[in-house]
Amino acid sequence: MAEERFDRFDFREAEPKWQQTWEKQQINKVTEDPGKPKYYALAMFPYPSGKLHMGHVRNYSIVDVIARFRRMKGYNVLHPMGYDSFGMPAENAAIQKGISPAVWTKANIAEMTEQLKQLGYSYDWDRAVYTYRPDYYKWTQWIFQQFYKNGLAYKKTAPVNWCPSCATVLANEQVEDGECWRCGSTVTKKDLSQWFFKITQYADELLNDLNQLQGWPERVRLMQENWIGRSEGAQLDFSVPAVGEKLTVYTTRPDTVYGVTFVVVAPEHPLVERLIEGGHIPTATVEQVRAFQEKMKGQNEITRTSTDTEKEGVYLGVDVINPFNGEKAQLWIANYVLMEYGTGAVMGVPAHDQRDFEFAKKIGLPIKVVIQNPEGNLDATTMTEAYTEAGSMANSGPFDGTLNEEGKAKVAAFAAEQGFGQGKVNYRLRDWLVSRQRAWGAPIPMIYCDDCGTVPVPEDQLPVLIPDDLDFSGQGSSPLARHEGFMNCACPQCGKAAKRESDTMDTFVDSSWYFLRYTDAQNGDQVFDKEKAAHWLPVDQYVGGIEHAILHLLYARFFTKGLRDCGYLTIDEPFKALLTQGMVCLDGTKMSKSKGNIVSPEEMIAKYGADACRLFIMFAAPAERDLDWTDAGIEGAYRFVNRFYRMVMSAIPTIHHARSLLPVQTGNMAAMMGALTMGELAEGLAKATTLTEADKDLRRITHATLKKVTIDLYERFAFNTAISGMMELTNAIYAYREKVAEAEQNTLVIAESIQTAVLMIAPFCPHLADELWHKLGFPTSIHLEPWAQYDEAVAQAQTVEIVVQINGKVRDRLDVAAGLNAAETEAAAMASPKVQEMIAGKQVAKVIPVPGKLVNIVVKG
RNA sequence: GCGAGAGUGGCGGAAUUGGCAGACGCGCUAGACUUAGGAUCUAGUACCGUACGGUGUAGGGGUUCGAGUCCCCUCUCUCGCACCA
């Protein structure tokens, strides 16, 4: 017989063995089961860039632990995986290396799937989705058309963000500090006709429903709230006598409208052109205006819109009229007014807006106080900054004396009554620009016909396939636009020659609905079965990086609401709870290829095994926080895996011996193989009458640890403390077996503590756990076992140590019976001779007993 | 500038409800076992002090019998937004 390695968990042999066993037995396969509560655990699916990095390992380990734990707790768990596999890197590989994007993508997916399997994640691979495959993007295109039919997708010409390096447009959310989120190039503006999704239609709902998302981190909700940027105010029409038209301004402070001393429009405001065309602006000024416009164009958006940038502008030499009081106000253009927000025109109230104040001071424009402070001493001539606090309206005609907060609505109502304005809500959120001038994405399924206009590709002709003979030599327009066979088609309505849309969809469209497809991934006839979707959704726990706080999470929320309104979903929100995991760092900075500070999961798995890797990454830091990778740390996890293995292996003969003393019912496979079931153990221990103090202690620690770990995994996602609890239990088991004479050791107590420990470690180290479970004599996988039940009574200590403080300083420690009330606790403390000695001759002012914890005696003198 | 979060031993971190600060792990020290060990097991390890004891959770103040935890001020770091009218 071959020598069995006893001192170390042979992960090289055991991990692949168990992976194959699970796959063969299909233990991770899941279908709807009305007999069990459902649980949908989801990790953000990866882009197949090549190999897994530690960030992936962290993300997927967290979700796997949650999924495995929930399964053991009796839930029917949906735990899928897939690939967000359209996008630029594949196309760049095609351009640079001449490999087809599909081939490149497929190879990467194969490699990453292999690694995910090596890590022992419990995915139902039958549900995998691959966004680059026609069977997926067919439905991406189908959803586009549902949105089109329901008015949620439209085409318009607008100044859009353009990344010159990626040669494509970008959504607002994909511009970070004026730079392309992907390549970092400075983004410019271009006027183009592009497809948009009408996310702004849901602005209010997206904002309000954030309140429902109590399972989300506060800061993500806040980021979305800020991004949506709702503001309440009014639009007011100033008149421009020179051209006989209205100039509408947007303001959140209609209560200050009587304080307007100038009006500013964005340099690119159309009114400016009309004033120039009409000859209303002096020639010398026109030159200044043109120069100013040029200067603004040359400035990138960051500098122009930075708070630090000094305010500057040009007086157009034209006046506008305030409709409230008929007063004239100078019309200016200035750098700090943006065409994109509101109406591109603002009223200048220097007394009550800091920006206007600075501008007025610089230029020398008048300042007029119209909100008086409670002291009543606000004076335009002595002000050093704008007064933006509450007050009562002054110099404001019929509104004088009105509290300004009330005045806001009153002024807006008055404007509406008089026909020169109305209350208005504004959002920072823009519609989502989804067109991309790239080939490796889902083609937008639209056709342009000279006679019929824009015509959707009929549903039975979906998907619009990406040709596999694209020319990526990278010249001029996108490869799709250059592909004659793709571009030329017949109009579905009139049959005449027509052209296809050459743009593809933003890859964020693909990832906005992948979690819906998991509920029915192989459906060839529908996007998904409505009932299956209704069964699994919403996602119970979503886990991913904070970098998606706005982009992906906002888009997915929008898609959910959009598909609901198209009649395909019954939920309002896709992700009930969200956990944003921290980054994996090395030497204090995020691991990244460009910085070269990478620890490769591949090497770590090869050296320490998947279980040790998983354990370390879950132990080293709380899930939300950044984690510093250390070699010493994973060594520690590796040591613990082996220490745990030895603990169980050395106890197995004892446990099997205990089995032999008990009757075996026929057909009990586990019993025949020497195993004691958890039920038998509980029963046996309930009857046991000879438990020693050491036995009771170990049982108490076992049950207390089980309780702690259960709560940590169920309610807190405190994986690090769950693991530390298991380490403590391991230490306690070692100590018991070290300190209690062998003849005195209780086999049932040992078996209970050992088996409980193995069950608890199963979600973290699935291979180790199944190996040990098997060695203990169980014929079936531990991952099909129920989670152990803790006994509250056993977990409770019979005696507790209480601390006796005198004036807040610890002076004595007493062992007292558990469950004493306040008076009994106090009496126990006062009975201590040591305490009596220390308070002798002093006046006891007060005694504060805290049952089960401490007693504080306050003495004087 | 605004908003959010964080600051605890040599290091990662724990303290869940205001109640023994430093669990657990790393590192380090010593011992045992060993031909050997960078394996394993055992013990120790916040700081000052020989000790009795004292001091300690970024700094300062406050509430309380009692504060890492609550309140106020200050500092540092991280993230998000950044002239949004």
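What you see is a predicted model, and the numbers here were worked out from it, not measured in a lab. Chain A is the first sequence line, chain B the second, and so forth, proteins listed ahead of strands; every chain is numbered from 1.
Between the side chains of A/Thr799 and A/Asp815, no donor-acceptor pair is found at a separation under 3.5 Å. Checked by atom type, the side-chain pair A/Arg221/A/Asn226 shows no donor-acceptor distance below 3.5 Å. For the residue pair A/Asn642 and A/Asp7, no side-chain donor N or O sits within less than 3.5 Å of a side-chain acceptor on the partner. No hydrogens or angles considered: nothing links the side chains of A/Arg428 and A/Ser231 as a donor-acceptor pair under 3.5 Å.
In terms of position along RNA chain B, the nucleotide closest to A/Lys708 lies nearer the 5' end than the nucleotide closest to the other residue of the pair A/Lys708 and A/Tyr250.
The phosphate of B/G12 (OP1 or OP2) has no side-chain N or O of A/Arg625 nearer than 4.0 angstrom.
Here the CG atom belonging to A/Asp812 is positioned 12.5 Å from the CG atom belonging to A/Leu854, to the nearest 0.5 angstrom.
For the pair A/Arg643 and A/Tyr734, the cation-pi test (distance below 6.0 Å, angle within 45°) is passed. Cation-pi geometry between A/Lys311 and A/Tyr336 is met: under 6.0 angstrom from the ring centre, within 45 degrees of the axis.
When the P atom is compared between B/C33 and B/G27, the two are found 23 Å apart, to the nearest whole Å. For B/G62 and B/G54, the P atoms lie 22 Å apart once the distance is rounded to whole Å. Remark: the separation of the P atoms in B/C72 and B/C11 is 30 Å, to the nearest Å. Of the P atoms belonging to B/G60 and B/U55, the separation is 15 Å, rounded to the nearest Å. Using P as the reference atom, B/C24 and B/G80 are 37 Å apart when rounded to the nearest Å. Taking atom C1' in both B/U69 and B/C79, the straight-line distance is 24 Å, to the nearest Å. B/C65 and B/U74 have their C1' atoms separated by 29 Å, given to the nearest Å. One C1' atom belongs to B/U29, the other to B/A46, and the distance between them is 16 Å to the nearest Å.
Residue A/Glu176 contributes atom CD, which lies 8 Å from atom P of B/G80 at whole-angstrom precision. Atoms CE (A/Met726) and P (B/A14) sit 15 Å apart, rounded to a whole Å. As a whole-Å value, the separation of A/Asp712 CG from B/G13 P is 17 Å. Rounded to whole Å, the distance from CG on A/Leu210 to C1' on B/G80 is 15 Å. Atom-to-atom, NZ of A/Lys311 to P of B/G1 comes out at 14 Å; the value is rounded to the nearest Å. Here B/C77 presents its C1' atom at 13 Å from CE of A/Met583, a figure rounded to the nearest Å. Counting to the nearest Å, the C1' atom of B/A85 and the OH atom of A/Tyr427 are 17 Å from each other. Straight-line distance from the CG atom of A/Leu627 to the C1' atom of B/G25: 13 Å, rounded to whole Å.
Between A/Phe9 and A/Tyr645, the angle of the ring planes lies from 30° to 60°, which puts this pair in the tilted group.
Partner of A/Phe262 under the ring pair (Phe, Tyr, Trp, His ring centres under 6.0 Å) criterion, chosen from A/Phe359, A/Phe238, A/Trp332, A/Phe357: A/Phe359.
Remark: A/Gln224 pairs with A/Leu210, A/Trp216, A/Leu553, A/Leu554, A/Arg557 by the side-chain contact (heavy atoms from CB on, under 4.5 Å) rule, at least two apart or across chains. In terms of the ring-ring contact (aromatic ring centres under 6.0 Å, His included) criterion, A/Trp227 has no residue partners (sequence neighbours excluded). Checked against ring-ring contact (aromatic ring centres under 6.0 Å, His included), A/Tyr608 has the following partners two or more places apart in sequence or in another chain: A/Tyr638. Applying the ring-ring contact (aromatic ring centres under 6.0 Å, His included) test to A/Trp181 and every residue at least two apart in sequence or in another chain returns A/Phe508. With sequence neighbours excluded, the residues that form a salt bridge (Lys or Arg N to Asp or Glu O under 4.0 Å) with A/Glu312 are A/Lys295. Annotation: ring-ring contact (aromatic ring centres under 6.0 Å, His included) contacts of A/Tyr250 (sequence neighbours excluded): none.
For residues 341-348 of chain A, proximity to RNA chain B is found at A/Tyr341, A/Val346, defined as any non-hydrogen atom under 4.0 angstrom from a strand atom. Taking every heavy atom of residues 221-231 of chain A and every atom of RNA chain B, pairs under 4.0 Å involve A/Leu222, A/Met223, A/Ser231, by number.
Taking 3.5 Å as the limit, the base of B/C20 and the side chain of A/Lys853 contain no donor-acceptor pair of atoms between them. For A/Arg219 against B/C79, no side-chain N or O and base N or O form a donor-acceptor pair under 3.5 Å.
Among the heavy atoms of the strands lying under 4.0 Å from A/Asp626 are primed sugar atoms or P, OP1, OP2 only; no base atom is included. Backbone-only engagement by A/Asn731 is indicated by non-hydrogen atom pairs under 4.0 Å involving sugar-phosphate atoms exclusively. Counting non-hydrogen atoms under 4.0 angstrom, A/Glu801 reaches a base of the nucleic acid.
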What N/O pairs connect the protein and nucleotides 62-65 of chain B at under 3.5 Å? Give each pair on its own line.
| from | atom 1 | to | atom 2 | distance (Å) |
| --- | --- | --- | --- | --- |
| B/C65 | OP1 | A/Lys846 | NZ | 3.0 |
| B/C65 | O2' | A/Asn856 | ND2 | 3.2 |
| B/C65 | O2 | A/Asn856 | ND2 | 2.7 |

I'd like a table of atom pairs between the protein and nucleotides 54-57 of chain B - only N or O on both sides, under 3.5 Å - with the distance next to each one.
| from | atom 1 | to | atom 2 | distance (Å) |
| --- | --- | --- | --- | --- |
| B/U55 | OP2 | A/Lys809 | NZ | 3.1 |

Check nucleotides 39-41 of chain B against the protein and report each pair of N or O atoms closer than 3.5 Å, with its distance, or say if there are none.
| from | atom 1 | to | atom 2 | distance (Å) |
| --- | --- | --- | --- | --- |
| B/A39 | O2' | A/Arg8 | NH2 | 3.4 |
| B/U40 | O3' | A/Arg646 | NH2 | 3.2 |
| B/C41 | OP1 | A/Arg643 | NH1 | 2.9 |

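Salt bridge absent: A/Arg737 and A/Glu742 never bring a charged side-chain N and a carboxylate O closer than 4.0 Å. A salt bridge is absent between A/Arg430 and A/Glu340: the closest approach of a Lys/Arg side-chain nitrogen to an acidic carboxylate oxygen does not fall below 4.0 angstrom.
B/G9 adopts a syn glycosidic conformation, its chi angle falling within 90° of 0.
Distance from the side chain of A/Thr252 is smallest to B/A85 among B/A85, B/G19, B/A23.
Proximity of a side-chain donor or acceptor of A/Asn720 to a complementary backbone N or O of A/Phe619 within less than 3.5 Å is not detected.
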Legend entry - Pairing string, 5' to 3', for RNA chain B - Watson-Crick or wobble contacts under 3.5 Å, brackets [ ] where pairs cross, | to another strand: (((((((..(((......[....)))((((((.......))))))(((....)))..(((((..]....))))))))))))....
